[in-house]
Amino acid sequence: DAGVIQSPRHEVTEMGQEVTLRCKPISGHDYLFWYRQTMMRGLELLIYFNNNVPIDDSGMPEDRFSAKMPNASFSTLKIQPSEPRDSAVYFCASSFGRSTGELFFGEGSRLTVL
Amino acid sequence: AQSVAQPEDQVNVAEGNPLTVKCTYSVSGNPYLFWYVQYPNRGLQFLLKYITGDNLVKGSYGFEAEFNKSQTSFHLKKPSALVSDSALYFCAVSVYNFNKFYFGSGTKLNVKP
């Protein structure tokens with residue numbers, strides 16, 4: 001299996017621009033998670049989906065952030081408009097809910113907002 | 001509220017020596033505990049987990065961890081460190097359903113030759 005695939009790996013954009021991060025989970029996994037990692041705040045859960053349905057988005061920092069999962073093999077995290085404080089590494093992870101919890105992480109998308 | 005604490009930002013150890021990376025947790029209910037490792041510019045990789053049963057669990061790359069309910073700890077250990085073990089280590093806890101994980105702040109392990 002190819003693992004969790006994220007794109008882009010690196011994104012540099014200017015404040016105010018829209019950013020879209022993409023994730024392809026492992027085939028057969030029914031949970032998908034979006035995390036953000038920063039030096040100051042560590043690893044934060046933003047949102048997670050079960051069977052393509054958002055279950056808990058309490059970690060989404062504000063309305064500028066939105067996430068979708070239109071099908072079992074694709075999810076997006078969108079930031080509009082982006083701000084410098086959004087600069088971070090964004091990770092997507094997936095898991096199989098009937099297993100005992102192991103998360104499989106993608107390589108991350110490093111976002112820099114100037 | 002559920003939480004995980006990794007009291008050491010950094011652990012330094014010489015190659016060949018035993019290593020310990022500490023983790024304590026606070027949960028309401030039975031904890032499910034995990035360790036992950038992150039190498040530079042990579043995603044987190046699963047190392048090992050405690051769900052139930054034997055308090056000593058063994059994982060990848062020779063790592064093991066001991067669940068101690070009375071001390072609410074789940075310390076990561078390895079008998080003999082390798083330089084290639086140098087990385088960032090995260091402890092995580094989940095309760096009930098494996099759908100929400102709480103991660104510690106991470107501990108940077110430096111293994112020197």
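This is a predicted model, so every value here is computed, not measured. In what follows, chains are A, B, ... by sequence order, proteins preceding strands, each numbered from 1.
Of the atoms belonging to B:Q45, not a single heavy atom falls under 4.5 Å from chain A. Residue A:R41: no heavy atom, backbone or side chain, is found under 4.5 Å from chain B. At a 4.5 Å heavy-atom cutoff, the contact between A:D56 and chain B is made by side-chain atoms alone. Residue A:Q37 touches chain B through its side chain alone, counting heavy-atom pairs closer than 4.5 Å. Residue A:S58 touches chain B through its side chain alone, counting heavy-atom pairs closer than 4.5 Å. If you measure heavy-atom distances from B:L47 to chain A, you find no contacts under 4.5 Å at all.
A pairwise comparison of heavy atoms in A:R9 and B:N41 identifies NH2-O, 3.2 Å as the closest pair. Scanning all heavy atoms of the two residues, the minimum distance from B:F46 to A:L103 falls at CB-O, 4.5 Å.
Atom OH of A:Y35 sits about 6.5 Å away from atom CZ of B:F101, to the nearest 0.5 Å. From A:M40, atom CE reaches atom OG of B:S105 across 12.0 Å, with rounding to the nearest 0.5 Å.
A:W34 and A:F74 end up in different hydrophobic clusters when Ile, Leu, Val, Met, Phe, Trp and Tyr side chains are linked at under 4.5 Å. Linking Ile, Leu, Val, Met, Phe, Trp and Tyr whenever their side-chain heavy atoms come within less than 4.5 Å leaves A:Y31 and A:I47 in two separate clusters. A:L111 and A:L45 fall into different hydrophobic clusters, where Ile, Leu, Val, Met, Phe, Trp and Tyr side chains are chained together by heavy-atom contacts under 4.5 Å. Follow the hydrophobic side-chain contacts under 4.5 Å out from B:V13 and you reach B:V21 in the same cluster.
Atom OH of B:Y39 is surrounded by more than 12 heavy atoms from other residues, nucleotides or ligands within 6.0 Å. The number of heavy atoms from other shown groups lying within 6.0 Å of CZ (A:R64) is above 12. Annotation for A:E14: atom CD does not count as buried by contact number, only 12 or fewer foreign heavy atoms lying within 6.0 Å. Shown here is A:N71, whose CG atom has more than 12 heavy atoms of other residues, nucleotides or ligands within 6.0 Å.
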Take A:L43 and B:Y36 through the side-chain contact (heavy atoms from CB on, under 4.5 Å) test and state the conclusion after the steps. CA-CA 12 Å; A:L43 203 59; B:Y36 287 82; over 6 Å; no
